[in-house]
Amino acid sequence: MIKTRFAPSPTGRMHVGNLRTALYSYLIARHENGSFMLRIEDTDQERFVEGALDIIYDTLREAGLHHDEGPDIDGGVGPYVQSERCRMGIYRKYAEELIKKGAAYYCFCTKERLESLKQEGSEEEYGRYDKHCLSLTPEEVEEKLKSGIPYVIRLNVPEEGTTSFHDEIYGDITVDNSELDDMILIKSDGFPTYNFANVVDDHLMGITHVVRGNEYLSSSPKYNILYHAFGWEVPVYVHCPLITDENHKKLSKRSGHSSFGDLIDQGFLPEAVVNFVALLGWSPADNSEIKSLAELEAEFDYRRIGKSPAVFDVNKLRWMNGEYIKAMDDARFEELAAPYIHEYVADESRIPAVCAMVKSRIEVLPDIAGQIDFLKAVPDYEVSLYKHKKMKTDEALSREVLKKVIPVLEAAEDFSNDALYQTLLAFAAEAGLKNGQVMWPIRTALSGKAMTPGGATQLLEVIGREESLRRLHAAVAKLSAEAG
Ligand code: GLU
């Protein structure tokens, strides 16, 4: 059975890249009726951020990526938090096993020595450790350990030969061992490095498919050396392509929309974000873009993940979010939109009508403000707004029409959109006017805007009889004043 994991480090924000890793891991598992696990990788204590665990749990929940096991759901291979595993001595035990096999060794070199190695090192050796401590005798090691000299444990990479590995996306990759560093497995603070802990844990926890960003691709040969040294089976690797911003630079905090939290704060819906993120590097066989999570689960074939960088196009996300809003049922839309409407519409009973007006016209919920700000007060506007070629009207005609239409509206019994529409059509016909010659001045008088989310009668209903008439009178006064 397939088993995948999401293994975030609690460092704060949920970067879009991390969310994609979580999503792809989840989808690979669900697609094959496998299992999806959550592991917390908190061995880098310096990077730990308070509250980051909540962000991880909240994001997975909001995105609908339910895990089958993890710190909060025991699946029998816990603990699922690496610092707890560390305290139990799990990593040390495995590091010592490697030392016994000659695949790892203690290193007591000081920071200063390592620094000077870097400075002196020839170009190609730059930054690589020179295996100095590998030549210590067992007795020397024993003595140094006893006297409490700080140490790390390093992988003993063979100096000759090559290491190959297979990645499902990037294919077969072979590197010369001489290019690989004797990476640190256990740090001087006793914690394992990511490089060591991920291998030990993925094996002990039965992970079959490792999904992660391609920044880990170049380290994968070293992981394979570890798997081979232990005699463990290497998992299937799925490294995902880079995500860039619109300028083809690595998506970073500076873009303003690089984390799940940023996107939610900007009014994007979790389901639209999930759909969008699924397409950052993967494409469905049918090329249709709107896919629910259930559809993604059914269709996700990781072999269709691409190698080339995926561009985060925020306009595409906006479009997609708009599609999700249009498809949403009205009750949910009202619930989500109400907080954005309250500022402009005090009367609670008008909210459904406002929602009906804006639902198909926005891409994100905060767009609502720009659509309905005039409901609160008519902005200052130029009377030239009444001039409209296509509607065959201008300031003078508008003023005449408004004057005549006010008593009709005052007398209207039913002030609903549909009834008013019929009333005004009848009025236009009787007065020998085109519909636009009646509707345009009303809409302008009520909104002070050339573009509104609804037509004249919709606005009348939403604004209500009393305030509408007040606005129409004010418009006549304004037109009269301008006409002199
Ligand atoms: N803890 C690593 C990170 O957050 C996980 C990488 C992996 O998935 O193996 O980047």
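Residues take their numbers from the sequence shown, with the count starting at 1. Whatever order the structure lists them in is the order used to number ligands and atoms, beginning at 1.
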**OP:** Calculate, to the nearest 0.5 Å, the distance between atoms OG1 and CG belonging to Thr4 and Leu38 respectively.
**Re:** 11.0 Å
**OP:** Identify, for atom 5 (C) of ligand 1, the protein heavy atom at the shortest distance, and state residue, atom and that distance.
**Re:** Ala7 O, 3.0 Å
**OP:** Could you tell me the residue and atom name of the protein heavy atom closest to atom 8 (O) of ligand 1, and the distance to it rounded to 0.1 Å?
**Re:** Arg5 NH1, 2.8 Å
Original post:
Is the charged tip of Arg154 near the ring of Tyr129: under 6.0 Å from the six-membered ring centre and within 45° of its axis?
Top reply: yes
Original post:
Looking at ligand 1, does any of its N/O atoms fall within less than 3.5 Å of an N/O of Tyr194?
Top reply: yes
Original post:
Any N or O on Pro8 sitting closer than 3.5 Å to an N or O of ligand 1?
Top reply: no
If you count heavy atoms of other groups shown closer than 6.0 angstrom to [atom1] of [X], is the number above 12?
X: Glu233; atom1: CD; value: no
X: Glu215; atom1: CD; value: yes
X: Met451; atom1: CE; value: no

Using a 4.0 Å cutoff against the non-hydrogen atoms of [X], which atoms of ligand 1 qualify?
X: Glu41; result: 1 (N), 2 (C), 5 (C)
X: Tyr216; result: 2 (C), 3 (C), 6 (C), 10 (O)
X: Ser9; result: 1 (N), 2 (C), 3 (C), 4 (O)
X: Arg212; result: 7 (C), 8 (O), 9 (O)

**OP:** Answer with side chain, backbone, both or neither: which part of Phe6 has a heavy atom less than 4.0 angstrom from an atom of ligand 1?
**Re:** neither
**OP:** Would you check if Leu136 and Lys144 make a side-chain contact, meaning some heavy-atom pair closer than 4.5 Å?
**Re:** yes
**OP:** Provide the full list of side-chain hydrogen bond (donor to acceptor under 3.5 Å, both in side chains) pairs with a residue in residues 240-249, sequence neighbours left out, each pair given once.
**Re:** none
Original post:
Out of curiosity, is Glu215 lining ligand 1, as in a heavy atom under 4.0 Å away?
Top reply: no
